[in-house]
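Report on one structure; see the data block that follows.
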Number of protein chains: 2
Amino acid sequence: MTTNDHSPAFLEFLAAHFQDGERLPSLAQISREMGISIAALREQLEVARALGLVEVRPKTGIRRLPYTFLPAVLQSLRYATGVNAENFRLFAELRTHIEASYWYQAVALLTPQDLAELMSLVQRAEARLAGSPPENPHGEHKELHLSIYRRLNNPFVNGILEAYWELYEAAGLAVVNEHDYLRTVWQYHRKMIEAICSGDLDVGYQALVDHTDLLYKRPQAAPRQRFE
Amino acid sequence: MTTNDHSPAFLEFLAAHFQDGERLPSLAQISREMGISIAALREQLEVARALGLVEVRPKTGIRRLPYTFLPAVLQSLRYATGVNAENFRLFAELRTHIEASYWYQAVALLTPQDLAELMSLVQRAEARLAGSPPENPHGEHKELHLSIYRRLNNPFVNGILEAYWELYEAAGLAVVNEHDYLRTVWQYHRKMIEAICSGDLDVGYQALVDHTDLLYKRPQAAPRQRFE
DNA sequence: TTATCTGATTAATCAGATGAATACACCGCC
DNA sequence: GGCGGTGTATTCATCTGATTAATCAGATAA
């Protein structure tokens with residue numbers, strides 16, 4: 001009550017008066033229009049920037065950006081993992097649940113061209129794994145997962161999935177994995193994509209769930225137990 | 001690259017040097033320690049406050065709060081719905097997917113006392129529905145859903161679920177529903193809780209999925225189709 | 001055409017002054 | 001001794017003005 005009556009007036013101002021990509025007036029002018037000082041305005045502007053809602057540069061000024069959920073998640077998540085590393089595991093668990101629960105819906109939206117690109121991702125990854133020296137196809141791994149869910153066009157789902165990968169990389173996990181583990185993972189990936197191509201959505205789903213269980217054990221994986 | 005090299009120095013400072021509930025030095029002192037002006041510091045402080053990481057008051061100063069994901073989600077989500085109301089539907093869809101995918105895991109953690117309280121929630125809601133005049137048991141509805149997943153102790157899951165209800169109320173949807181619809185919903189709620197109590201987790205799951213489908217149609221509801 | 005210089009615009013940062021909210025000790029009163 | 005009001009010091013809240021740095025666009029020269 002007494003502590004947080006902070007209503008973000010600038011965010012409302014931003015949402016109400018401008019379009020994506022549109023340039024805002026200068027700080028001095030906004031400050032006059034909103035009836036607050038530049039210093040106070042800048043404090044709120046910094047929040048908008050942290051949430052990824054505006055881009056601001058000298059001379060160019062302030063520009064509204066298309067909405068994305070990612071920066072908000074990332075800011076909070078970075079702090080959370082800094083305070084307690086266990087939080088990353090909890091977030092990773094959420095990510096696997098979201099991937100599993102959106103599987104059928106997301107896969108149904110993929111176009112033939114999407115599938116071709118996914119298949120080429122698998123091949124490129126396998127080539128890198130089989131090379132000498134073998135490389136960790138992390139970029140392909142990330143892109144494969146994100147591509148499957150991109151057509152959902154759900155900024156919240158996509159923001160969470162992207163935040164996972166961003167933090168995964170920041171934590172340095174993108175390089176450490178052993179070769180055997182990676183080979184196994186990519187066998188599952190191939191199975192997933194091939195299953196989608198042939199319409200065996202259930203097989204693909206099972207491959208998805210199994211391959212995430214390789215990394216994070218999911219105590220009572222929800223839909224899987226229905227098979228037994 | 002050039003636009004967003006903003007590293008939130010204060011957030012790191014906060015995570016590194018203090019504990020939950022601990023009081024920070026005064027702004028003037030932090031400003032000296034971090035080597036930046038008070039104005040610049042306050043801009044970053046405002047971000048921390050928007051993320052719900054600190055509580056700040058005159059005389060008392062700045063206090064670090066226990067981590068919560070909720071404020072970050074809420075800030076971004078409020079803006080998103082302000083820009084495009086469709087975003088609320090997309091977020092609501094995410095919420096139903098998360099509830100469904102965590103069902104078995106969450107229910108397994110409920111204690112006998114939790115179940116008793118859930119059952120009493122159902123009874124209280126039914127009483128309000130049957131009263132004259134009948135009332136919309138919105139508080140019970142919200143509490144029922146949140147209670148089921150609270151034991152997961154996952155700040156990200158809980159933050160998203162809480163954000164949904166907060167925005168649901170802010171949108172004024174908490175009062176408009178028709179009596180027939182509400183009666184049906186609470187039949188499902190009773191079914192869910194009774195199923196949990198008797199160990200029929202699958203029946204409860206089905207009731208959960210069906211009752212959310214009353215409001216938001218989920219095109220290819222993932223795990224449900226496995227039943228046919 | 002390409003690269004460099006120049007000027008104007010805007011944000012970035014800072015220091016300082018004033019005001020307002022709050023906690024806490026103090027004092028007088030019952 | 002307990003209680004309630006009062007004062008006071010501490011801290012954030014807000015504003016102002018000045019200076020610095022970054023960036024863009026247009027002019028100029030190679």
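Below, read A as the first sequence line, B as the second, and so on, with proteins coming before strands; counting in each chain starts at 1. Just so it is clear, the values below take in all heavy atoms, side chains as well, and ignore hydrogens, waters and symmetry mates.
For the pair B:Ile62 CD1 and C:dA21 P, the interatomic distance rounds to 19 Å; values are reported in whole Å. In this structure, B:Glu43 atom CD and C:dA15 atom P are separated by 14 Å, rounded to whole Å. With rounding to whole Å, B:Leu45 atom CG is found 12 Å from D:dT11 atom C1'. In this structure, B:Glu55 atom CD and D:dT11 atom P are separated by 16 Å, rounded to whole Å.
Phosphate contact (OP1/OP2 of D:dA13, side-chain N/O of B:Arg49, threshold under 4.0 Å): present. Taking only side-chain nitrogens and oxygens, B:Arg57 never comes nearer than 4.0 Å to OP1 or OP2 of D:dT11.
Within the structure, salt bridge (Lys or Arg N to Asp or Glu O under 4.0 Å) contacts touching residues 152-168 of chain B (residues at least two apart or in different chains) do not occur. A salt bridge (Lys or Arg N to Asp or Glu O under 4.0 Å) check over residues 65-83 of chain B, counting only residues at least two apart or in different chains, returns nothing. Applying the ring-ring contact (aromatic ring centres under 6.0 Å, His included) test to residues at least two apart or on different chains, the pairs with a partner in residues 43-69 of chain B are B:Phe69-B:Phe156. Sequence neighbours left out, the pairs with a member in residues 132-147 of chain A that pass salt bridge (Lys or Arg N to Asp or Glu O under 4.0 Å) are A:Arg124-A:Glu140, A:Arg128-A:Glu135, A:Arg128-A:Glu140, A:Lys142-A:Glu169, A:Glu143-A:Arg150. Counting only residues at least two apart or on different chains, the salt bridge (Lys or Arg N to Asp or Glu O under 4.0 Å) pairs with a member in residues 25-42 of chain A are A:Arg42-B:Glu43.
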Listing, residues 14-21 of chain A side-chain donor-acceptor contacts under 3.5 Å, not counting sequence neighbours, or none:
{"from": "A:Asp20", "atom 1": "OD1", "to": "A:Arg64", "atom 2": "NE", "distance (Å)": "3.1"}
{"from": "A:Asp20", "atom 1": "OD1", "to": "A:Arg64", "atom 2": "NH2", "distance (Å)": "2.7"}

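Using five terminal pairs a side, the axes of the helix from C:dT1-D:dA30 to C:dC30-D:dG1 at its two ends make an angle of 20°, given in steps of 10 degrees.
With sequence neighbours excluded, the residues forming a side chain to side chain contact (heavy atoms under 4.5 Å, CB included) with A:Arg190 are A:Met119, A:Val122, A:Gln123, A:Glu126, A:Glu194, listed by chain and number. Residues that satisfy the side-chain hydrogen bond (donor to acceptor under 3.5 Å, both in side chains) test with B:Ser132, not counting sequence neighbours, are absent from this structure. With sequence neighbours excluded, no residue forms a salt bridge (charged side-chain N to carboxylate O under 4.0 Å, His left out) with A:Arg23.
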Got a list of protein N/O to nucleotides 15-22 of chain D N/O distances below 3.5 Å?
{"from": "D:dC15", "atom 1": "OP2", "to": "A:Ser37", "atom 2": "N", "distance (Å)": "3.1"}
{"from": "D:dC15", "atom 1": "OP2", "to": "A:Ser37", "atom 2": "OG", "distance (Å)": "3.1"}

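A heavy-atom distance below 4.0 Å to DNA chain C is reached by none of the residues of residues 20-33 of chain B.
For B:Tyr168 and B:His138, the distance between ring centers is under 6.0 angstrom.
In summary, the side chains of B:Tyr102 and A:Glu93 do present a donor paired with an acceptor at a separation below 3.5 Å, with no hydrogens or angles considered.
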